[in-house]
Amino acid sequence: MLDLNFVRENLDTVRTALRNRNFPTDLLDDFAGMDSERRKVIAESDQINARRNAASKEIGALMQSGKLDDAESKKVEVAGLKDRQAELDEQRKEFESRMSDLLANLPNIPAADVPVGEDEAANVEVRRWGTAREFDFEVSDHVDIGERLGILDLERAVKITGSRFAILNGAGARLERALVNFMLEVHTREHGYTETLPPFMVNRKSLFGTNQLPKFEEDLFHIKDERGFALIPTAEVPVTNYYSDEILEAKDLPKYFTAYTPCFRSEAGSYGRDTRGLIRQHQFEKVELVKLTMPENSEEEHEKLTANAERILQLLGLPYRTVVLSTGDMGFGSRKTYDIEVWLPSQNTFREISSCSNCGDFQARRMNLRFRRAGGSKPEFVHTLNGSGLAVGRTWIAVIENYQQADGSVVIPEVLQPYIGGLEKIG
RNA sequence: GGAGACAUGGCUGAGCGGCUGAAAGCGGCGGUUUGCUAAACCGUUAAGGGUCAAAAGCCCUUCACAGGUUCGAAUCCUGUUGUCUCCGCCA
């Protein structure tokens, strides 16, 4: 969420940001008018409150000194103020809810070094690692390989649940589990993250904090329950909200969390996209990285977080490239996002496997997550960062496809073997 | 699921309908003392909003949340949420 005063004082900046993100700017058209009306109402309401408070004090004094008649006439005077007060309260609530609706629906301002562009075509590659393997046989995709090896069963998943679900069996399930453990071990032991295992369901307040709500309601799986819980679409939601409504001490920052969770996404509006295989599922596994930092460190921490995610691909020997998303392609709450894209031989292209975002104070303001600098100054909002480290299902695909052999088997990368009982290959 | 107790500032914890935005302690910050550290002592220390070019000042709001009673609510009433204890059930 953007700061109300910031929006008031930087309307042009906000309007430009909206345009660059392909957002309509008409939201802002009546901002100035609404805001000054709102403040007028507040000023009058506060004045009346001040008069009421003063009168009430006088009444108390009058009654104590026995001047009951004077007290009674004061009471009548206060009663007269009450009608106007109620009217103003009504207006104030109306204005405040309109302003907060408006603010809640404004996306973050992209950082200055984010390329301006309409969509993913304007994304800019910042680096590339590894080289795509040369195959001397016709490559298969992960569905063919997985089904041939009996480690992937899509048909029965459809029977049991529906489309966009999958079942992993035998070495396929073990490979998934090995990947999870491998990623968590690297991030906790080598990168300094604290592992956390959060709830897989969250309430609406948390979803507001990490900007799934109010705009992206239909992307979630909601629990049919009066409590309004939803299945988490990413561990970013429970983990980033961990310290919401709290004031941290500067010495406790930065905080690094890593969490393995399943993720649940309704994928509404993505009909027909990536329908084959495991690329786009309603349920997938992900190891998430979350950082809470001081404002002045978030850019550097963002680079480090992205490098931490890339490190997993390097250790697995999977070629990838990293792109910085253009203004038109980046997420609602992000100031700057790097996507890491892994090489998929069957598609002869790079596919997203991680998305690492610096949200600045945008989420912290929504969830009221602050810190206080040494010296007892005013609390400030922390900066929140998140990234996949990595999407496990897509890593599974990348391993299966990049390490496939001519005989249909799949070699397990050496670094993964300790996590899968020493297994060297599947098939 | 049943019964009861509770919800106060960064933390612990007092609080009679008006003198309580809130005692006290801890922590933080500033200072005195000290060769240094520690201790001791003194002072200071909630958040959000409005007004203002800005600061100061002034004003408003906030004692879980939402309502209500009252001239006046942390304090009384109702509902909601959460926490704790006991019973039941359960991986």
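The basis for the numbers below is simple: all heavy atoms, side chains too, and nothing from hydrogens, waters or symmetry mates. Just so we're on the same page: letters track the sequence lines, and every chain starts at 1.
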- Task: Sugar-phosphate means primed atoms, P, OP1 and OP2; the rest is base. With that split, encode nucleotides 48-71 of chain B 5' to 3' as B, S or - using protein heavy atoms under 4.0 Å.
- Result: SBSS-------SSS-----S---B
Whole-Å distance between [N] [atom2] and [X] [atom1]?
{"X": "A/Glu58", "N": "B/C19", "atom1": "CD", "atom2": "P", "answer": "14 Å"}
{"X": "A/Glu77", "N": "B/G72", "atom1": "CD", "atom2": "P", "answer": "13 Å"}
{"X": "A/Arg372", "N": "B/A47", "atom1": "CZ", "atom2": "P", "answer": "6 Å"}
{"X": "A/Glu246", "N": "B/G9", "atom1": "CD", "atom2": "P", "answer": "13 Å"}
{"X": "A/Ile247", "N": "B/G28", "atom1": "CD1", "atom2": "C1'", "answer": "12 Å"}
{"X": "A/Leu81", "N": "B/G72", "atom1": "CG", "atom2": "C1'", "answer": "14 Å"}

Would you name the heavy atoms of [X] and [Y] that are closest together and state the gap between them?
{"X": "A/Ile145", "Y": "A/Gly408", "value": "CG2-O, 4.2 Å"}
{"X": "A/Ala398", "Y": "A/Val342", "value": "CB-CG2, 3.8 Å"}
{"X": "A/Cys356", "Y": "A/Ile340", "value": "SG-CD1, 4.3 Å"}
{"X": "A/Arg280", "Y": "A/Arg273", "value": "NH2-NH2, 3.5 Å"}

- Parallel, tilted or perpendicular, as decided by the 30° and 60° cut-offs, for the rings of A/Tyr193 and A/His187: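 Aromatic pair A/His187/A/Tyr193 classed perpendicular.
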- Task: Please state whether the rings of A/Phe332 and A/Phe362 are parallel, tilted or perpendicular, taking 30° and 60° as the class boundaries.
- Result: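 A/Phe332 vs A/Phe362 ring planes: perpendicular.
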For [N] and [M], measure between their [atom1] atoms and round to the nearest Å.
{"N": "B/C52", "M": "B/G68", "atom1": "P", "answer": "31 Å"}
{"N": "B/A22", "M": "B/U81", "atom1": "C1'", "answer": "25 Å"}
{"N": "B/G48", "M": "B/C63", "atom1": "C1'", "answer": "15 Å"}
{"N": "B/U51", "M": "B/C29", "atom1": "C1'", "answer": "30 Å"}
{"N": "B/A74", "M": "B/U33", "atom1": "C1'", "answer": "41 Å"}
{"N": "B/C6", "M": "B/C16", "atom1": "P", "answer": "13 Å"}
{"N": "B/A66", "M": "B/C58", "atom1": "C1'", "answer": "31 Å"}
{"N": "B/A24", "M": "B/U8", "atom1": "C1'", "answer": "14 Å"}

- Sorted by first residue and then second, give each ring-ring contact (aromatic ring centres under 6.0 Å, His included) pair with at least one member in residues 140-172 of chain A; sequence neighbours left out.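 Sorted result for residues 140-172 of chain A: A/Phe165-A/His282.
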- Query: Under a 4.0 Å N-O cut-off, is there an ion pair linking A/Arg92 with A/Asp46?
  - Reply: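 Yes, charged N to carboxylate O under 4.0 Å.
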- A/Phe264 ring center near A/Phe221 ring center (under 6.0 Å):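 Between A/Phe264 and A/Phe221, the centre distance exceeds or equals 6.0 Å.
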- Item | Watson-Crick or G-U pairs under 3.5 Å in RNA chain B, rendered as dot-bracket with [ ] for crossing pairs and | for another strand | (((((((..(((.....[.....)))((((((.......))))))((((((.....)))))).(((((..]....))))))))))))....
